Amino acid sequence: MYEHLPGGEILEPGLRDLRAGVRSVSALLIMIAAPRLARRGISIPRDLPLSPLPEHELYDLLVAEQGPEAYRFYRSLLRRLVSLENALDIQSESVRTAVPKT
């Protein structure tokens with residue numbers, strides 16, 4: 001549904017993993033962005049134990065997966081997440097200011 005947006009490939013897998021209780025890269029990114037995503041109408045599972053520091057948990061996961069390249073991946077993923085958040089903001093603003101056709 002959001003694949004057409006920059007970073008949209010993060011959203012559906014992250015939400016799916018959160019619902020399944022999986023602490024994946026995508027799920028942790030969704031935890032980081034949860035407040036902003038919720039303001040844009042995206043339903044974030046509320047009954048799940050969220051990480052108090054998802055940024056740290058994400059970095060630790062990347063260190064385990066990527067080793068010395070973890071920081072590069074971490075920064076890249078956060079930039080991608082910000083792109084998604086910004087695209088959702090723009091999309092929401094466009095919908096709000098659209099003039100209804102009569």
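Atom set for the values below is all heavy atoms of this structure, side chains included, hydrogens, waters and symmetry mates excluded. Here the structure is a predicted model, which is why all the values come from computation and not from measurement.
- Rounding to the nearest 0.5 Å gives a distance of 12.0 Å between CG of L61 and OH of Y74.
- The minimum heavy-atom distance between P54 and M31, with the atom names listed, is CB-CB, 3.8 Å.
- At least one side-chain heavy atom of L78 sits under 4.5 Å from a side-chain heavy atom of L29.
- Listed by chain and number, the residues in a ring pair (Phe, Tyr, Trp, His ring centres under 6.0 Å) with F73 amount to none (sequence neighbours excluded).
- I32 and L5 fall within a single hydrophobic cluster, where Ile, Leu, Val, Met, Phe, Trp and Tyr are joined by side-chain heavy atoms under 4.5 Å apart, directly or via other members.
- Not counting sequence neighbours, the partners of E57 by the salt bridge (Lys or Arg N to Asp or Glu O under 4.0 Å) test are R23.
- Note on L37: it does not cluster hydrophobically with V22, by side-chain heavy-atom contacts below 4.5 Å among ILVMFWY residues.
- Residues satisfying the side-chain hydrogen bond (donor to acceptor under 3.5 Å, both in side chains) criterion with R79, sequence neighbours excluded, are absent altogether.
- To the nearest 0.5 Å, the span separating CG on L53 from CG on L28 amounts to 11.5 Å.
- Considering only residues two or more places apart in sequence or on other chains, S24 meets the side-chain hydrogen bond (donor to acceptor under 3.5 Å, both in side chains) condition with D17.
- Of the inter-residue distances, the one linking L15 atom CG with S43 atom OG reads 8.0 Å to the nearest 0.5 angstrom.
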Let me check something: any side-chain donor-acceptor pairs from residues 6-13 under 3.5 Å, sequence neighbours excluded? List them with distances.
unit_1, atom_1, unit_2, atom_2, d
E9, OE1, R80, NH2, 3.3
E9, OE2, R80, NE, 3.0

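- Residues in residues 26-44 take part in these salt bridge (charged side-chain N to carboxylate O under 4.0 Å, His left out) pairs, two or more places apart or across chains: R36-E85, R36-D89, R40-D89.
- In this structure, the separation between CG on L77 and CD on E55 is 12.5 Å, given to the nearest 0.5 Å.
- Listed by chain and residue number, nothing satisfies the side-chain hydrogen bond (donor to acceptor under 3.5 Å, both in side chains) test with D60 (two or more places apart in sequence, or in another chain).
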